[in-house]
Amino acid sequence: MTATRTEPAAQADAWEELRTTALLGTDRRPLPAPAGSPALVATATAVDRTDPATALLELAALTAVRRRAGARPAAGPSGEAAAAPADPRPELPVAAARRLTVLLEGRSGSAGGTLANLTELLPQWLATARARGLRPPAALVPALLDSARARSELRGDVVALAGPLGRWLAERNPDWRFVLRTATDAPGTGDSGTAGDTGSPGGPGTPDAAGAPAAPGDEHRIWHEGLFAERVTHLTRLRRTDPAAGLDLLRGTWTTERAEDRLLFLDALQDGLSPADEPFLEAALGDRSKNVRATAAELLSTLPGSALATRMAERARAAVRLAGTGRALLVTPPAECDAAMQRDGVAPRSPTGRGERAWWFGEIVAATPLRTWTDDTGLTPARLLGLPVGDAGPDGKGAGLADGTWTDDLREGWARAAVRQHDADWARALLGPTPRPGRDGRTARTAGAPAKLLAVLPASERAAWTAAFIQAHGLGEAFQLLGACATPWTPPLSTAVVAALERAARSGTYPWSHSGVLGMTERALAPEAAPAVEALASDAAPDTAWAETFARLAGTLRFRAAMLAELDV
């Protein structure tokens with residue numbers, strides 16, 4: 001027998017009568033007459049009906065007890081339930097399983113709580129275990145699924161680790177139904193040095209991380225029945241392995257999607273973006289949502305051979321030219337934002353508070369293929385960045401050249417283009433060598449967001465540039481730069497961060513002034529840096545904030561080192 005139970009029709013009818021009376025009110029509908037067996041009729045008749053409202057509640061209580069006592073067990077399914085499919089992956093080592101229990105419970109693992117919040121280390125453990133192709137003990141799978149239910153960012157790794165047993169359990173527990181809607185990638189290694197997505201959509205016939213093929217129809221169900229975030233994730237993963245299939249999937253429901261959903265679905269097309277997507281994106285330039293139009297235009301601008309990129313290049317040539325001697329760039333910004341410019345994603349009014357002509361000019365430069373500038377002038381990005389920039393003036397001869405008008409706008413546009421087009425040469429030129437402090441102690445200004453430009457460069461170069469920056473300027477402005485670096489950080493970058501922390505401690509500042517960097521350091525600093533951090537803890541004055549901070553960081557690094565070693569089988 002199962003827990004599912006049925007109730008006699010008479011009891012259901014009596015309950016419905018009471019429910020209807022409660023909804024309409026006893027002043028509009030009289031209390032139902034007693035019904036059922038003689039004993040039930042006698043009990044219901046004994047209820048004092050002087051106050052109809054009170055009587056209704058008493059009758060409801062009696063009926064509820066009768067319904068529960070009189071419910072009959074339903075017939076169970078014939079035969080025994082099918083067992084969970086076999087999982088061929090090797091099981092976690094015993095020590096790693098114990099570590100997972102500690103992470104799931106969020107315990108510090110040592111007296112006094114001298115470690116980081118261990119729930120913040122769980123993603124790293126999950127990604128590493130997944131990359132190693134291991135499976136958790138069956139007894140820990142429910143706790144894993146509960147953790148992913150509470151933290152959606154864990155779901156991809158948890159579902160892959162739980163494997164066929166996780167899907168088997170999800171079919172029997174509604175609380176874990178997200179597992180059935182979560183596509184998983186095969187395990188792989190990204191440039192971060194930890195597990196990374198390889199892009200396998202986990203579709204029909206594609207092995208998931210457990211080595212078992214996903215059930216046919218999973219893609220159809222996820223796209224048409226999944227939550228919005230799950231649909232975005234699914235489309236993104238599908239675009240990584242089969243861009244055409246992803247585009248077809250989106251095209252099939254495009255006209256029925258909400259504007260805010262179309263925007264994020266469109267943004268997912270940047271994975272696997274190619275000229276094959278151009279017709280769809282050109283059509284999206286006519287979308288009724290201005291944000292969708294702007295996103296479509298931005299995507300098209302990353303395709304150097306697209307019609308939009310060609311149109312923007314023509315506008316850029318009209319706006320910027322080399323002076324006759326080739327020693328300066330003269331700018332004539334657009335005089336108006338015509339209908340053609342608006343269709344290509346240029347908003348007629350600046351949303352940033354900048355002057356309209358500066359806004360239009362910046363949008364054109366950002367959407368122009370960067371090779372336009374080097375091909376047309378024969379100059380390298382570094383040479384172009386070294387030229388003075390000014391207003392062409394009424395006569396077009398550069399009357400405003402001396403005041404450097406338009407310099408910042410041109411550089412910011414180039415920086416945005418370098419990020420959009422993932423052009424490492426331009427990003428490298430725009431970043432330049434590590435900025436040096438000015439006379440007032442502040443760093444020289446870099447066009448664009450340095451962290452975004454760094455993200456265009458190879459992982460090793462990112463780490464080297466950031467390490468040099470920290471050596472020169474400390475951690476005050478390094479938070480976003482460190483966030484752009486692959487984890488765990490390289491030994492040189494880790495060494496630079498530890499040295500900067502030592503300088504900060506000696507300068508008399510408080511640890512919480514670097515709380516953001518410290519939180520990142522606990523998760524990303526190379527575990528090999530533990531001895532250096534322990535030395536700082538020993539050198540710090542006892543019972544001070546920095547002594548506690550260094551002790552906590554050293555303990556966390558030791559914990560991470562042991563955690564990763566246990567998974568290295």
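Closest non-hydrogen pair, Ala139 versus Pro142, comes out as O-CD, 3.6 Å. Of all heavy-atom pairs spanning Leu104 and Ala143, the tightest one is CD1-CB, 3.9 Å. Nearest heavy-atom pair across Val158 and Leu144 is CG1-O, 3.5 Å. In this structure, Thr236 and Ala268 approach most closely via the heavy-atom pair OG1-CB, 3.6 Å. In this structure, Leu18 and Ala60 approach most closely via the heavy-atom pair CD1-CA, 3.9 Å. Between Pro450 and Leu481 the shortest heavy-atom distance is CB-CD2, 3.9 Å.
Atom CZ in Phe265 sits 9.0 Å away from atom CZ in Arg258 (nearest 0.5 Å). The distance from atom CG of Leu161 to atom CZ of Arg130, rounded to the nearest 0.5 Å, is 7.5 Å. The distance from atom CG of Leu308 to atom CG of Leu303, rounded to the nearest 0.5 Å, is 9.5 Å. Note: Leu122 CG to Met563 CE = 9.0 Å, rounded to the nearest 0.5 Å. If you take OG1 on Thr255 and CZ on Arg262, they are separated by 9.0 Å, rounding to the nearest 0.5 Å. The OG1 atom of Thr295 sits 10.0 Å away from the CD atom of Gln270 when rounded to the nearest 0.5 Å.
Under a 3.5 Å cut-off, the side chain of Trp223 and the backbone N or O of Leu235 do not form any donor-acceptor pair. In this structure, Glu548 contributes its side chain and Ala545 its backbone to no donor-acceptor pair below 3.5 Å. Looking at Thr101, its side chain does come within 3.5 Å of a backbone N or O of Ala97 through a donor-acceptor pair. Side-chain N or O atoms of Arg177 include one that pairs as donor or acceptor with a backbone N or O of Ala170 at under 3.5 Å. Of the possible donor and acceptor atoms, none in the side chain of Arg89 sits under 3.5 Å from a partner among the backbone N and O of Gly133. Side chain of Glu363 to backbone of Ala347: no donor-acceptor contact under 3.5 angstrom is found. Although no hydrogens or angles enter the test, the distance criterion places no donor-acceptor pair under 3.5 Å between the side chain of Ser513 and the main chain of Thr509. At least one donor-acceptor pair closer than 3.5 Å links the side chain of Arg560 to the backbone N or O of Glu522. Proximity of a side-chain donor or acceptor of Glu230 to a complementary backbone N or O of Leu227 within less than 3.5 Å is detected. Counting only distance, with no hydrogens or angles, the side chain of Asp277 and the backbone of Ser274 share a donor-acceptor pair below 3.5 Å.
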Report the C-alpha distance between Asp175 and Asp146 in whole Å, list the side-chain angles of each, state the deciding distance to 0.1 Å, and finish with yes or no for side-chain contact (heavy atoms from CB on, under 4.5 Å). CA-CA 8 Å; Asp175 289 344; Asp146 281 339; 5.6 Å; no
Test log, rule salt bridge (Lys or Arg N to Asp or Glu O under 4.0 Å), inputs Arg293 and Asp287: CA-CA 6 Å; Arg293 296 195 301 269; Asp287 194 273; 5.9 Å; no
Could you walk me through whether Val517 and Thr521 pass side-chain contact (heavy atoms from CB on, under 4.5 Å), step by step? CA-CA 6 Å; Val517 170; Thr521 298; 3.7 Å; yes
Would you please test Phe559 and Trp125 for ring-ring contact (aromatic ring centres under 6.0 Å, His included) and show each step? CA-CA 11 Å; Phe559 184 96; Trp125 187 97; over 10 Å; no
Start with the C-alpha distance between Leu165 and Asp87, add both sets of side-chain angles, then the distance that settles side-chain contact (heavy atoms from CB on, under 4.5 Å), and finish with yes or no. CA-CA 8 Å; Leu165 176 57; Asp87 190 337; 5.9 Å; no
One pair to check against side-chain contact (heavy atoms from CB on, under 4.5 Å): Leu249 and Arg239. What are the steps and the verdict? CA-CA 10 Å; Leu249 198 65; Arg239 285 284 297 182; over 6 Å; no
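Donor-acceptor pairing under 3.5 Å is recorded for the side chains of Thr119 and Asn117. Gln124 and Arg523 form no side-chain donor-acceptor contact under 3.5 Å, judged by distance and modelled atom types alone.
Annotation: Arg29, atom CZ; neighbour count of heavy atoms from other residues, nucleotides and ligands within 6.0 Å is above 12. For Arg172, the CZ atom is densely surrounded, since the number of other residues' heavy atoms within 6.0 Å is greater than 12. Within a 6.0 Å sphere centred on CZ of Phe479, other residues, nucleotides and ligands contribute 12 heavy atoms or fewer. Within a 6.0 Å radius of OH in Tyr510, no more than 12 heavy atoms belonging to other residues, nucleotides or ligands are found. Counting heavy-atom neighbours within 6.0 Å of Gln480 CD, excluding the residue itself, gives a total of 12 or less.
A salt bridge links Glu566 with Arg99; the closest basic N to acidic carboxylate O contact falls under 4.0 Å. Between Arg231 and Glu257 there is a salt bridge, since at least one side-chain N of the basic residue sits less than 4.0 Å from a carboxylate O of the acidic one. Between Asp248 and Arg251, at least one side-chain nitrogen of the basic residue sits less than 4.0 Å from a carboxylate oxygen of the acidic one, meeting the salt-bridge criterion.
Less than 6.0 angstrom separates the ring centroid of Phe280 from the ring centroid of Trp254.
Among pairs with a residue in residues 144-181, none fulfils ring-ring contact (aromatic ring centres under 6.0 Å, His included), at least two apart in sequence or across chains.
Residues satisfying the side-chain contact (heavy atoms from CB on, under 4.5 Å) test with Thr302, not counting sequence neighbours, are Leu273, Arg420.
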